[in-house]
Amino acid sequence: REKPRKIDDSLVMAKQKTRLYLAVVIACTAGYGWFYYHLWFSTNQTTLLGCPVKKISGLPCPSCGSTRAVLSLYDGHLWQSLLINPIGILIASIMLIAPLWIIFDWTTKQSSFWQFYIRVENFLRQKKVATVIILLFLINWVWNINKGL
């Protein structure tokens with residue numbers, strides 16, 4: 001009889017870290033593609049897809065306007081970006097910082113982005129924190145609806 005093999009926790013964690021880094025890089029690459037499409041090819045009348053939630057329900061989702069907010073931020077209009085959708089600033093920050101941080105980790109053979117991700121994930125799982133985040137998203141959603149995005 002063979003004994004069951006123990007799964008090496010460090011190997012599992014390394015795979016999870018690699019998946020996270022790859023997912024973030026792919027998401028940021030897609031985000032940059034979306035951003036540059038809107039920056040160079042899109043006009044106010046034409047867009048590639050638009051928000052599926054708004055197309056189906058007629059109501060904007062909590063992140064509606066994020067692309068316009070990022071474009072506005074790119075043009076140096078911080079206040080306008082905040083008014084369009086504050087989530088855009090969060091998205092822009094992640095898209096700028098995360099790829100550089102991951103490149104730093106890969107080149108220096110460190111795991112600082114992974115460790116930060118774990119800390120943030122644990123922080124967000126706290127009931128009080130999660131409740132506040134959900135409330136902020138709901139408030140943003142109501143604001144988007146009232147703005148007529």
Side-chain angles (χ1 to χ4, degrees), residues 10-149:
S10 62
L11 180 61
V12 170
M13 196 177 321
K15 284 183 180 183
Q16 290 173 337
K17 175 187 151 192
T18 301
R19 284 187 195 132
L20 171 70
Y21 282 28
L22 187 59
V24 170
V25 167
I26 289 170
C28 286
T29 301
Y32 278 114
W34 184 254
F35 171 76
Y36 287 117
Y37 164 77
H38 281 277
L39 186 64
W40 290 324
F41 301 113
S42 181
T43 66
N44 287 338
Q45 288 77 32
T46 64
T47 185
L48 187 62
L49 295 173
C51 176
V53 172
K54 187 171 182 176
K55 285 185 178 188
I56 292 169
S57 71
L59 295 173
C61 73
S63 66
C64 270
S66 293
T67 300
R68 285 176 279 161
V70 171
L71 290 167
S72 194
L73 187 62
Y74 176 79
D75 289 336
H77 305 293
L78 176 62
W79 184 246
Q80 182 180 354
S81 176
L82 278 168
L83 290 175
I84 294 170
N85 196 330
I87 292 173
I89 293 177
L90 177 64
I91 291 170
S93 300
I94 292 168
M95 286 178 58
L96 286 173
I97 295 168
L100 296 173
W101 198 343
I102 290 170
I103 290 169
F104 171 80
D105 272 4
W106 276 339
T107 57
T108 61
K109 309 257 189 264
Q110 292 186 29
S111 297
S112 60
F113 183 79
W114 169 254
Q115 292 164 0
F116 175 77
Y117 170 79
I118 296 297
R119 285 194 307 269
V120 168
E121 185 178 47
N122 289 333
F123 177 72
L124 294 176
R125 285 185 180 189
Q126 295 176 41
K127 202 172 209 171
K128 288 179 183 177
V129 175
T131 302
V132 169
I133 298 292
I134 291 168
L135 283 174
L136 288 173
F137 269 86
L138 289 174
I139 290 167
N140 192 55
W141 192 8
V142 169
W143 189 39
N144 281 349
I145 293 169
N146 287 330
K147 288 186 295 189
L149 274 183

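Start at 1 with the first residue, then count along the sequence.
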Leu71 and His38: which non-hydrogen atoms are nearest, and at how many Å? CD1-CB, 3.8 Å
How long is the gap from SG on Cys61 to CD1 on Ile56, to the nearest 0.5 Å? 11.0 Å
Among Leu22, Ile97, Val25, exactly one meets side chain to side chain contact (heavy atoms under 4.5 Å, CB included) together with Ile102. Which residue is that? Val25
Flag yes if more than 12 heavy atoms outside Phe137 fall under 6.0 Å of its CZ atom; otherwise flag no. no
Would you indicate whether Trp141, at its atom CH2, is surrounded by more than 12 heavy atoms from other residues, nucleotides or ligands within a distance under 6.0 Å? no
Non-hydrogen atoms of Cys64 and Asn144 that approach each other most closely: O-ND2, 3.5 Å
Atom of Ser81, atom of Ser72 and distance for their closest heavy-atom approach: N-OG, 3.7 Å
Can you name the nearest heavy-atom pair linking Tyr32 to Met95, along with the distance? OH-O, 2.6 Å
Residue pair Ile87 / Ser63: nearest heavy atoms and the distance that separates them: CD1-CA, 4.2 Å
Closest contact, heavy atoms only, Phe104 versus Gln110: CE2-OE1, 3.8 Å
Between Asn140, Ile145, Asn146, Val53, which is the residue that forms a side chain to side chain contact (heavy atoms under 4.5 Å, CB included) with Pro60? Ile145
Determine, stepwise, if the pair Tyr74 / Val70 fulfils side-chain contact (heavy atoms from CB on, under 4.5 Å). CA-CA 6 Å; Tyr74 176 79; Val70 171; 5.5 Å; no
Report the C-alpha distance between Ile134 and Leu138 in whole Å, list the side-chain angles of each, state the deciding distance to 0.1 Å, and finish with yes or no for side-chain contact (heavy atoms from CB on, under 4.5 Å). CA-CA 6 Å; Ile134 291 168; Leu138 289 174; 4.1 Å; yes
From Ile103 CD1 over to Phe113 CZ, what is the distance, rounded to the nearest 0.5 angstrom? 11.5 Å
Donor-acceptor pair, side chain of Asn85 and main chain of Pro62, under 3.5 angstrom: yes
Can you confirm whether Trp143 sits close enough to Pro86 that some side-chain heavy atom of one is under 4.5 Å from a side-chain heavy atom of the other? yes
Find the distance between NE2 (His77) and CD1 (Ile84) and round it off to the nearest 0.5 Å. 9.5 Å
Determine, stepwise, if the pair Thr67 / Ile91 fulfils side-chain contact (heavy atoms from CB on, under 4.5 Å). CA-CA 9 Å; Thr67 300; Ile91 291 170; over 6 Å; no
Quick one: CD1 on Ile133 to CD on Gln126, what's the gap to the nearest 0.5 Å? 11.0 Å
Counting only heavy atoms from other residues, nucleotides and ligands, does the tally under 6.0 Å from OH of Tyr117 exceed 12? no
Could you check whether the rings of Trp101 and Phe116 sit parallel, tilted or perpendicular, using 30° and 60° as the cut-offs? tilted
